[in-house]
Amino acid sequence: IFSKKYKLTKEILGKGEFGLVGKAIRKVSIKNWEQSHEDEKKVVAIKAIAKQRLDQDMIKHIRSEMKILNTLDHPNIIKYYEDFENDTHIFLVMELFEGGTLYEKMIKLVDRKKTFSEFDACLIIEKLLRAIAFCHENNICHRDLKPENILINQNLELKIIDFGLSKQRNRNLRVFKTRVGSPSYIAPEVLQTDQYGFECDIWSIGVILYVLVSGYMPFGAKSMTELLAKVKKGYYDFRAPTFDKVSSQCMDLISKMMSFYPKNRPIASKALQHEWFKINQAKIS
Ligand code: ADP
Ligand code: MG
Ligand code: MG
């Protein structure tokens, strides 16, 4: 038996490295449910992680994911409700957010030879920076920001997920010491040294902005070895043809967030003050 409290639907929301994320329904009666969990919805997302393939390190990651999600209360970060386990799996119950990932949206646009407008990219990057500013203020570094870990709907409402690799920074330590992340969005210092800090999330948001407005990856490569070598050097340019119609302010913000030296990158709250946001906000009125 899976759970007395939740009933799994057949709908699969996504596939993770270690299991599936499915849609489930809370069986607790509306009356009780309203009293005890006013802000929890009745339909939830459950991430099932198979225990069989986990080593101690991974179990530590999962526990830290739950702890971190539980601490963070922000409109652009997925809410964690609870967890439970059976003999075979650990289950993480969280807020359901439908609409798919930013990755799926990007692929659809690229297939149609289109890109996000700067206006839409601005709405997305602004929310990402606000959520990451909030994480950093709470001493949490996401460390795995990429389009697959960003949920987004038609109205461009957005939630960051997958805090499995996140780290709560020890107040006395300025840096982290494990190499993690996804090659295309990972910061050079993470690959080069074992010392890096919050600035790696800003780099990843820079890469996301690069891809949103151009439809190209800043580090194109035919193999993993080539990709890692390119990211390590951190050299990229704006020569992709689609950059012809990208504003100079947008490229300026990308260059700042994708500064090779972490210390040269703006912190999230500073990045939000960049001129590019002001130009796009003016378009609303
Ligand atoms: P992993 O750590 O294995 O990458 P994720 O937490 O990123 O697992 O989840 C895998 C996929 O499941 C995501 O890319 C997304 O498509 C989907 N997903 C995860 N959480 C939710 C959620 N709360 N609501 C809707 N879809 C989700
Ligand atoms: Mg993921
Ligand atoms: Mg993960």
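All values derive from a computational prediction rather than experimental measurement. Just follow the structure's listing: the first ligand is 1, and inside any ligand the first atom is 1.
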I need the nearest protein heavy-atom contact for [atom]: residue, atom name and distance, please.
atom	value
atom 14 (O) of ligand 1	E148 O, 3.0 Å
atom 23 (N) of ligand 1	E95 O, 2.8 Å
atom 3 (O) of ligand 1	E17 N, 2.6 Å
atom 4 (O) of ligand 1	D162 OD2, 2.9 Å
atom 25 (C) of ligand 1	F97 O, 3.2 Å

- line: For D162, the N, O or S atom at the shortest distance from the Mg ion (ligand 2) is OD2
Polar contacts were defined as any N/O atom of the residue lying under 3.5 Å from an N/O atom of the ligand; does this apply to [X] and ligand 1?
X	answer
E104	no
K47	yes
T101	no

- prompt: Within the side chain of R26, is there an N or O that forms a donor-acceptor pair under 3.5 Å with the backbone of K7?
  reply: no
Sidechain-backbone polar pair: H142 side chain, D162 backbone, donor-acceptor under 3.5 Å: yes
field: Ionic contact status for E85 with R63, cut-off 4.0 Å
entry: yes
- request: Can you label the angle between the F219 ring and the Y236 ring as parallel, tilted or perpendicular, going by 30° and 60°?
  value: perpendicular
query: Ring centres of Y210 and F238 under 6.0 Å apart?
result: yes
- request: Would you mind telling me which of I77, D144, N70, I78 makes a side chain to side chain contact (heavy atoms under 4.5 Å, CB included) with F163?
  value: I77
Min heavy-atom dist K15 to ligand 1 below 4.0 Å: yes
